[in-house]
Structure formats: C-alpha cells, structure tokens
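Computed from heavy atoms alone, side chains included, the values below leave out hydrogens, waters and symmetry copies. Being a predicted model, the structure only gives us computed values, none of them experimental. Here is the naming used below: chain letters follow the sequence lines, and residue numbers restart at 1 for every chain.
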Protein chains: 2
Amino acid sequence: MARARGAKPSGSVTSHDVARLARVSQATVSRVLRDDPNVRPQTRERVLKVLAETRYEPNAAARAFRAGRADSIGVVVARLSYQLYPAMLEAIGAQLARLGRRMIVWDSDHGGDAPAIRALRQGVVDGVILTAATAESEFLREVSAEGSAVVLLNRTVADYASDQVSSDNLDGGRRVADYLVACGRERIALIGGIPRASTIRDRERGFRKSLERLGRELPPHYYFRSETFSHASGEQAVTRLMELASPPDAIFCVNDVLAMGAMDGARARGARVPDDLWIVGYDDIEIASWGAYDLTTVRQPMELMVAQAIDLLLARIDRRDAPVHHKCLPNELVIRGSTARQTPPASQPARKPRP
Amino acid sequence: MARARGAKPSGSVTSHDVARLARVSQATVSRVLRDDPNVRPQTRERVLKVLAETRYEPNAAARAFRAGRADSIGVVVARLSYQLYPAMLEAIGAQLARLGRRMIVWDSDHGGDAPAIRALRQGVVDGVILTAATAESEFLREVSAEGSAVVLLNRTVADYASDQVSSDNLDGGRRVADYLVACGRERIALIGGIPRASTIRDRERGFRKSLERLGRELPPHYYFRSETFSHASGEQAVTRLMELASPPDAIFCVNDVLAMGAMDGARARGARVPDDLWIVGYDDIEIASWGAYDLTTVRQPMELMVAQAIDLLLARIDRRDAPVHHKCLPNELVIRGSTARQTPPASQPARKPRP
DNA sequence: ACAAGAAATGACTACGAATTCATCATGCCC
DNA sequence: GGGCATGATGAATTCGTAGTCATTTCTTGT
C-alpha cells in the first residue's frame, strides 16, 4: 500500500506548504500564482522563490473543482485508420493547445458519443466536438436541446439544436459531376457509401442532381454502394463496374480510400488510369498527391472548419444561450493525374469548369 | 455573464440535492452510488429513483479531488500524418477505454513532452505514455528519476529509469539485410533518417551489422540520410541513388512512407519494382498492403506493445516503486510484391530466411 | 419481551485553491 | 501630527464527494 488515502500527485506540495515556507498566508500564495497586483514586490519575490524551490504545481482537480471548469475539450473521432481523421485530430489538437485547452479523445467505436457526453455532464470536459457520424442518439438529441456545449464537425443533423460545421458536400459532389461532364466523359459511375453519414449522402445527392440537371442521369447499374469505406470495398466495387458490358469511363468515389481501392482494382484488371478510366475521390488525404495515385479529389478547408468549430464551442461554453450556428464552408476540386491527362478541356460548358 | 462563480456542469445536481429529495443523508446517497451493501433495499430504491429522475451525474472534479486520481492517462504522439501513429493511438484508446480510463492526447509538436509531464505533476492525468521521439529533455530525465508514472512506447533511452516498451528494431533491420542477401541482391542501399530517434538508429545499425557479418558492408554512396520522414524525402533519396553509375538493386527504407516515396520516385524514373529494384519498408502501415505499393516491410506487434505499455503504466501508478521494465518484442518480416517476384529463393543461407 | 448484536443511517470532516471580507500598515495631505 | 485613502495581508469560507465515527433502528436468540 504505497498510497495514503486521498493520495496526491507526486510532489504533493500544496499552496499551504508554500505559504508556510514563505511565511505568508495561503491567500497570498494564490495571489502570486494568479498575478494579482496587490502583492508587495518583496513578498512576491519570496513566494516565487519558494514556489520554484518546492517545484510547486497546483492540484488540477482542486483547481477545476473550485473554478467549475476543466479546461479540457472532448473530441469524438472514428476510423483513425482513414487519414482524414488523424489530420483533423491533429488540427484540433494544435488549435486547442494554442488556446490552453487539453484534448480528451474518444473513439466512437466504443460506445459512440455516449462516453463523451457523459463526461461533459460530469464536468470532465467543458465541451465536446463530435466528428464521428455515429447513429443519431436520443442521448445527443437531449443534450443538444439543453444547449450544452456540443459541436458537430463534418457532420450535420438538421433538427439538432447544436452548432454544426461542415463543408458543402452537396456542392462538392456537384463540382465533380460538372467537371466530368465538361471534360466529355460519357459513362459516369458512382461508388457511394452508407447513407447514414450526412457527408456521404450529400456528396452523392449533389453529384446525382448535377448529372440530372445536365441531362445525364445516373443509371442504376453505374451506382455501387459499398458497405464500408475501405480499400477492399473500392476494389470490389470497381471490379463489378468493369464487368459490365459497357464499363464506365469515369468513376466518382465518395472518399479517397474508396478511390484508391478502385484505382488499384482497375489496374489489377489491366485498365490504365486515366487513359481508360478516370477516377475522382473526395477529401484530399495526403496520399492522394503521391505518385502511385495522383488522385483528383475534392479538398475541404479543414483548418478553417476546425477553427470555426472551436470558436463556436468556446462561445457556447461561455454562454449556453448563444445563438445556434450551422456553418457550411466551400471546398475545392483538386485536379491531378487520375483524370484529364489527355482529354482536352471539353466544349460543353460546366457551371464551374476547372480545366 | 451567463455563469455564476464556481459554475458547475449543466445539470448541477449534487449528491446533497439528491439526498434532500430522497429524504436521506448525503452519505447514504454516496453509499448507493458506490454500491455499498449497508443500505436497506427500500432506501436504495428510493435513492435510485431520485438519481434517475434528477439525471444526477457526479461532479468529476470533486470526485477526482477527493479520490486523488483523475482516471485519465496522457498520451504524447507525434506526426499523426504517418499512419503508424494513428493506429497506435487507436489501440491505446481502445485498451484504455476498456479499462475505464480516459485518454488525453498531446502532440509533441507543441512543446514536446513538457505539457504532458506538467499535467502529470498537476494530477490531470495519473500517468503518461510517451510515443514521440522528442529530444531527451532534462525535464523527463528528472521525472523519470522520481519514479513517476511514465512509459516510453516505441522509444528507448538507455539511462532513463522509466519503463520502456519497444519492438526489436535491431533485429528488424537485421532480418531485412539477411533477407535481401539471401535472395541474392547484389547492390543493397539504405535510406535512413535522423538518428535522434532510437527506433531508426537501431534499424539502421541492425541492418548494417548484419550486412557486415555477411561480408557485404554498406558503401557510403549507398546510404542516404533523409532529414524528414516524408514521401518527398523518399523520392529525393531514390533519385540520388538511381543517378549513381551503379544504382542499387535493393533499397531498405527505415519506414514505410520513405519506401513509398522511393517507389514512386523509382517508377517516375522508369524503374520497375521489383523487376529492376527491390524496395523494403518498415512498420507495415495499412497502405503497405495496397496494390499500388504492395510493400515488403517489417511489422511490429502493435497491440501487444500497447498492452504491455499500459500494463506497466497502471502497475506503476499503483506503486511508484515497482521494478523498472524494458520490454522488447519480436517483430515480423512481411514479404510482398515490392520484392521477390521473380527471384527464386537464394542458395546462400541467411540466419532466418523467410523465402 | 428484552438484551445483545448487527445493520442502517446521519452528522461531520477533509481535500486544495480561490475568493471575500476584515484588518493592519503605509503614505500622503493639510 | 492627525486623519484618511490606499495598499498589503490574513482569517475564514466555499465548492461536492467520500470517507469516519457516532447514533439510531432493526433482528435475533433466549
């Protein structure tokens, strides 16, 4: 039994200890720590000396308890295996660090949003950023209605009273369709995903609607819904599409991993990209720019999205009755070698062609 | 100013409130919460009913304050852009969640280990897992000497009195050398990295030593040290190597991203892998198995390493005088299409050939 | 039915930092 | 030099939980 009850972190020097050693009251130590001007320089000096000597560190639990806030923010992530999410987490972490907040991370694979929301209610965190498109929990609905400090990032739910930040996935899908049609692609296919995720749903809808508007409705056999967002799914999907009597000459994949799987699958069947088949992805993860894939894709303004999500969250932590915002940022089509190499800019005008 | 001083998390129902409503003492509420057997079923029922009605959640700060522990573990990571680290983080998170611990994440890019160690001293976290190979701070040295709950994961420092878990990088490098020689490669090159990281250093040393033992010392012009572990560095390195009068026929890259960069660079210069050039990586990140790279590489027993690191950490949190362990786990050469396609198993025996 | 013991419960307290309020010291002005 | 403002400091208090210890209530055996 190495620990007494109520054991404290290593040093376990308290502000009372410091006060005693510096022959002042605990209140004065607290004042010095908080840089209160009402301390005589001489006294401050003495206290600072003892603080340094004892290597005092304030007890975080006591401080949080007293202050009523934790200075920590919760982040719920999913599928860290997909590069977009580590990148997002990295951005969130960097920005929170700059703001002096800690970041507690939950993986939505283990209980979805619930553990994070629970932590919020217990005061473990001051607010929560939800990035994972988990099922719409009634738990979340309720918390959201309470005006709790919860922000949905890269995920929208129309009737939640929570702040939400996403990029314009509808427009992203539209851009891809416009681009492919403008470049004269004739047989355009779509590899989509589970419609539970709002982002995916919007990408698909934007893509379809734009095709329709251009008189090029997507035929059912050119649509493949993959159950998971994996490389293997992309391979499988492209294999099906290429087995068709009239295989597509362009495929839009709703995210980059699917696109890379599709590319590898197509190549394995002897197709050349982009000579025989164009492939477009979504997200612009780092690998997309590497030589092996050199993937045309849609890039979201990640840093900006994260910044806005954190802004909204901190604002709401400050005042829970702050107005609810649903932000939707524009994104950008990044054209690379998986499309376009030898096709000249098409004559058919698109709404926003980026030849 | 929407918040009173000492504001509490949303509900802000305390155990006193519950006690009042259930017409019992706060102590009894506490007992019910902690499942103390000394509560009459009837009383327990009444309290539970109020607990449910009020949606009571214990105040985490007060609890942590009182209990003297945070039930949180800190993790310092680096370069989340390299897939190995998100995978590691995911494993750590999953295992901690299973143990009922929260995970606070710091990116070593912002202050190195210091913020995490500081948090440890303040009791924000009960222990820290350091995965990032940052500079050897005197801060850490000191903390380590104190017997604080710190574990180095995938990183070794000989004279730190901390628990350490890594895989046998020396042996991993050795295996690669043995394999390449055994398969009859004649001109073997090495793309290495900053020797600050113990893992990288060991991989290089193991590789070199094994070559020497086999009478195939690495000539200086076949060694390239990249400053960063990036795809671009790999491309750059391979370009240099291929410009040599006698370019290598096999390259060992000390991690997978470098290997992928090298592969893309080699292909861009018209070389075929593995027909003209073999490439071997290290880490076996997910992409390594994808068709575009199909990379031969060395896999570390990640889940096991994480499990052992957490075991050691929790043991040390329990008793700071626990014996110090330096664990070193074996790893595995995973042979794929970036090597070996048409070379038959060599006649020359290697120590542990895996043809 | 009563004592003795066990079970159930409540009053009270500690934990550490930050804050309020009271008090004491100091300097300044006329 | 007396009085008053201001600056510096300490005593006391608060926060919510989980303990300790004392007290009350119940159960059981005779």
Undergrad: Looking at the side chain of B:S15, which of D:dA11, D:dT17, D:dG19 is the nearest nucleotide?
TA: D:dT17

Undergrad: Give a yes or no on this: more than 12 heavy atoms of other residues, nucleotides or ligands lie within 6.0 Å of atom CZ of A:R46.
TA: yes

Undergrad: Reading DNA chain D from 5' onward, which residue's closest nucleotide shows up sooner: B:H16 or A:R46?
TA: A:R46

Undergrad: Using the 3.5 Å cut-off, write out each protein N or O paired with an N or O of nucleotides 5-9 of chain D and the distance between them.
TA:
from, atom 1, to, atom 2, distance (Å)
D:dA8, O3', A:R40, NE, 3.4
D:dT9, OP1, A:R40, NE, 3.0
D:dT9, OP1, A:R40, NH2, 2.9
D:dT9, OP1, A:T43, OG1, 2.5
D:dT9, OP2, A:R40, N, 2.8
D:dT9, OP2, A:T43, OG1, 3.2

Undergrad: Has B:F65 got its ring stacked on D:dT17, by the test of a centre gap below 5.5 Å and a plane angle below 30°?
TA: no

Undergrad: Side-chain N or O of A:S30 versus OP1/OP2 of C:dA18: is the shortest distance under 4.0 Å?
TA: yes

Undergrad: When the distance from CG of B:L33 to P of D:dA18 is rounded to whole Å, what number comes out?
TA: 7 Å

Undergrad: Can you measure A:D17 atom CG to C:dA17 atom P for me and round it to whole angstrom units?
TA: 9 Å

Undergrad: Could you state the atom-to-atom distance from CD of A:Q26 to C1' of C:dT19 in whole Å?
TA: 10 Å

Undergrad: Do A:T131 and A:V76 have side-chain heavy atoms sitting under 4.5 Å apart?
TA: no

Undergrad: For A:V165, which of A:N154, A:L312, A:T156, A:I310 qualifies under side-chain contact (heavy atoms from CB on, under 4.5 Å)?
TA: A:L312

Undergrad: Using a cut-off of less than 4.0 Å, is there contact between a side-chain N or O of A:Y56 and OP1 or OP2 of C:dG16?
TA: no

Undergrad: Please check the phosphate of D:dG19 (OP1 and OP2 only) for any side-chain N or O of B:R34 closer than 4.0 Å.
TA: yes

Undergrad: Between B:D71 (CG) and D:dT17 (C1'), how many Å, whole number?
TA: 14 Å

Undergrad: Please report the distance, rounded to the nearest Å, between CZ in B:R63 and C1' in D:dC15.
TA: 16 Å

Undergrad: Going by salt bridge (Lys or Arg N to Asp or Glu O under 4.0 Å), name the residues that satisfy it together with A:E90, two or more places apart in sequence or in a different chain.
TA: none

Undergrad: Which residue in the set B:V150, B:L130, B:V157, B:V151 passes side-chain contact (heavy atoms from CB on, under 4.5 Å) when paired with B:Q164?
TA: B:V157

Undergrad: Given A:D163, which of A:K327, A:H325, A:R316 fulfils the side-chain hydrogen bond (donor to acceptor under 3.5 Å, both in side chains) condition?
TA: A:R316

Undergrad: Quick one: B:R20 CZ to D:dG16 P, roughly how many Å, whole number?
TA: 12 Å

Undergrad: What's the CZ-P distance between A:R69 and C:dA17, to the nearest Å?
TA: 15 Å

Undergrad: Does any part of the side chain of B:V32, heavy atoms only, come nearer than 4.5 Å to the side chain of B:L48, both counted from C-beta?
TA: yes

Undergrad: Taking atom P of D:dG16 as reference, at what distance in whole Å does atom CG of B:N59 sit?
TA: 7 Å

